[in-house]
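What's counted below: heavy atoms across the whole structure, side chains too, no hydrogens, waters or symmetry copies. Along the sequence shown, residues carry numbers from 1.
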Amino acid sequence: MSFGTSRPTRPLILDDIRGARKMLSGVARMTAMEGSRYLTGLVGSPVHLKCENLQRTGSFKLRGAYVRIAGLSPEERAAGVVAASAGNHAQGVALASTLLGVRSTVFMPVGAPLPKVAATRDYGADVRLHGQVVDETLAAAQEYAHDTGAVFIHPFDHPDIIAGQGTVGLEILEQCPEVRTVVVGVGGGGLIAGLALAVKAVRPDVRVVGVQAEGAAAYPPSLAAGRPLVVGEPQTMADGIKVGRPGDVPFQLVQELVDEVRTVTEDELSSALLLCLERAKLVVEPAGASPVAALLSDPGAFKGPVVAVLSGGNVDPVLMQRILRHGMAAGGRYLSLRLRLTDRPGALATLLQALSAADANVLDISHVRTDPRLGLTEADVELHLETKGPAHCAQVAAALREAGYTILG
């Protein structure tokens with residue numbers, strides 16, 4: 001099964017995905033499905049996590065990339081392939097090409113995280129850093145394809161890519177035959193299009209729900225308009241689903257087969273990533289955590305058993321550190337306060353005693369003495385505290401007020 005480099009002459013069908021699965025035998029892992037007691041309790045019915053973050057290269061992208069490149073003609077393979085990506089697609093194309101003995105060139109943005117650049121090189125690709133944003137990187141890759149004859153491997157807008165990603169849906173049906181709802185993150189739409197085709201062809205009663213980041217949600221307006229629309233300057237920490245326009249090929253399938261596309265906020269994404277790490281002991285990138293974010297934001301909206309697809313786990317350690325701090329703040333685990341004190345010996349020690357009595361851990365503290373709004377004997381103190389949740393935050397603030405402190409912000 002292959003559509004080569006031309007546009008499809010017929011619609012994708014279930015047999016294409018079954019053929020892709022045979023092709024991927026021994027290449028892509030059948031990733032684990034883990035139950036989540038916490039989410040099960042929250043939703044009120046069983047919730048399972050489909051762990052594509054544990055797939056080879058750290059995401060589902062290997063599936064589609066391998067099927068696409070394996071379907072090339074000998075002449076196309078000889079010309080090599082080229083791709084543009086900031087992370088997951090880059091690594092999927094690099095490994096798939098190496099496994100198939102095809103030369104690969106991958107363009108990545110200049111600011112791409114160093115671990116992802118190193119991994120792509122280690123998988124065998126010739127990595128070229130170009131452009132500050134993905135659009136510039138994409139243009140460079142397409143120009144390279146035009147100049148050299150290399151085949152451009154699109155991350156989501158091709159039937160072979162979609163067929164490969166659809167194998168996730170076949171595995172879900174085997175691993176959780178009683179499933180009633182599948183929740184999956186959506187960027188350009190390749191994963192959800194293939195997954196929905198596989199699931200609906202076998203179990204049309206299963207509800208398929210897509211999730212996009214609120215700041216990069218091209219599908220809701222596109223579905224309302226009946227055609228792919230461009231979202232200007234998508235903004236989200238979830239770079240795996242940070243796509244400004246749905247792909248033409250997946251859009252048709254999403255329009256026909258997907259029951260709903262929801263959006264989640266940045267706070268919800270960071271809280272979901274933190275939950276995956278703390279409760280499930282799984283490292284998941286923000287895009288991969290988007291289905292969990294949807295469950296957290298509206299648990300009553302999903303009929304179980306539910307399968308949430310954790311689509312990837314390739315997160316830069318520096319970004320992970322920032323996201324975890326953000327998630328802890330969103331979950332009431334951090335508290336920042338500004339207080340006014342009399343600037344005299346012992347005033348700070350008295351404040352710290354009050355905080356200790358309230359069981360708040362001081363992470364950072366700074367004095368402000370030069371603000372023109374301060375009196376001659378006054379000082380402001382900025383505090384960053386580690387707390388135990390929203391209720392504890394309220395208790396700490398109440399204890400400080402009871403001790404006579406005025407909280408300025």
Side-chain angles (χ1 to χ4, degrees), residues 36-39 41-42 113-115 214-215 235-238 264-286 289 292-293 295-297 299 315-409:
S36 170
R37 284 181 292 180
Y38 179 83
L39 291 173
L42 191 68
L114 293 179
E214 196 173 74
Q235 298 292 329
T236 177
M237 69 175 78
V264 292
T265 67
E266 298 298 284
D267 282 353
E268 289 163 349
L269 284 169
S270 55
S271 295
L273 187 147
L274 183 61
L275 183 140
C276 288
L277 188 62
E278 286 191 326
R279 298 298 184 99
K281 315 306 178 191
L282 292 168
V283 176
V284 183
E285 62 189 271
V292 175
L295 295 176
L296 291 175
S297 67
V315 57
D316 177 44
V318 175
L319 177 61
M320 171 70 89
Q321 189 177 39
R322 285 165 40 203
I323 292 170
L324 290 178
R325 285 200 302 265
H326 187 84
M328 291 180 73
R333 306 273 290 279
Y334 286 144
L335 178 61
S336 297
L337 298 172
R338 184 178 174 117
L339 307 176
R340 187 154 294 171
L341 304 178
T342 301
D343 193 10
R344 59 175 174 77
L348 182 58
T350 302
L351 171 61
L352 293 176
Q353 288 174 359
L355 290 170
S356 177
D359 203 21
N361 185 35
V362 178
L363 298 174
D364 188 37
I365 186 167
S366 62
H367 273 84
V368 178
R369 292 186 172 92
T370 57
D371 193 312
R373 293 170 295 181
L374 293 172
L376 185 63
T377 61
E378 291 180 328
D380 280 0
V381 175
E382 293 181 352
L383 296 162
H384 299 281
L385 311 173
E386 183 180 10
T387 52
K388 300 174 182 178
H392 188 216
C393 287
Q395 291 168 9
V396 171
L400 290 173
R401 292 190 181 98
E402 187 175 341
Y405 294 101
T406 300
I407 299 175
L408 303 176

Separation between CG of L400 and CG of L351, rounded to the nearest 0.5 Å:
6.5 Å
Could you name each residue pair satisfying side chain to side chain donor-acceptor pair (under 3.5 Å) that touches residues 346-363, not counting sequence neighbours?
D359-K388, N361-E386
V315 and V283, any side-chain heavy atoms less than 4.5 Å apart
yes
Is there a side chain to side chain contact (heavy atoms under 4.5 Å, CB included) between L385 and L337? Walk through the geometry before answering.
CA-CA 8 Å; L385 311 173; L337 298 172; 4.1 Å; yes
Correct closest heavy-atom pair for S336 and H384 would be OG-ND1, 2.9 Å
Quick one: closest heavy-atom pair of P115 and P317, and the distance?
CG-CD, 3.9 Å
Nearest heavy-atom approach of V396 to A360 is CG2-CB, 3.9 Å
Once you round to the nearest 0.5 Å, how far does CZ of R322 lie from CG of D316?
8.5 Å
Please give me the minimum heavy-atom distance between C393 and T387, naming the atom from each residue.
SG-OG1, 3.2 Å
Rounded to the nearest 0.5 Å, what's the gap from CG on L355 to CG on L339? Could you check?
7.5 Å
SG-CD distance between C276 and E285, expressed to the nearest 0.5 angstrom
11.5 Å
If you compare all heavy atoms of E266 against all heavy atoms of Q235, which two are closest, and at what distance to 0.1 Å?
OE2-O, 4.5 Å
Check whether any side-chain heavy atom of Y334 lies under 4.5 Å from a side-chain heavy atom of L363, and answer yes or no.
yes
CG on L275 to OG on S36, rounded to 0.5 Å
6.5 Å
Note, V292 side chain near V284 side chain (heavy atom, < 4.5 Å):
no
T265: which residues meet the side chain to side chain contact (heavy atoms under 4.5 Å, CB included) condition with it, sequence neighbours left out?
E214, D267, E268
So which atom in L273 and which in A289 form the shortest heavy-atom distance, rounded to 0.1 Å?
N-CB, 3.9 Å
Neighbour count >12 (heavy atoms, 6.0 Å) for atom CD1, I365:
yes
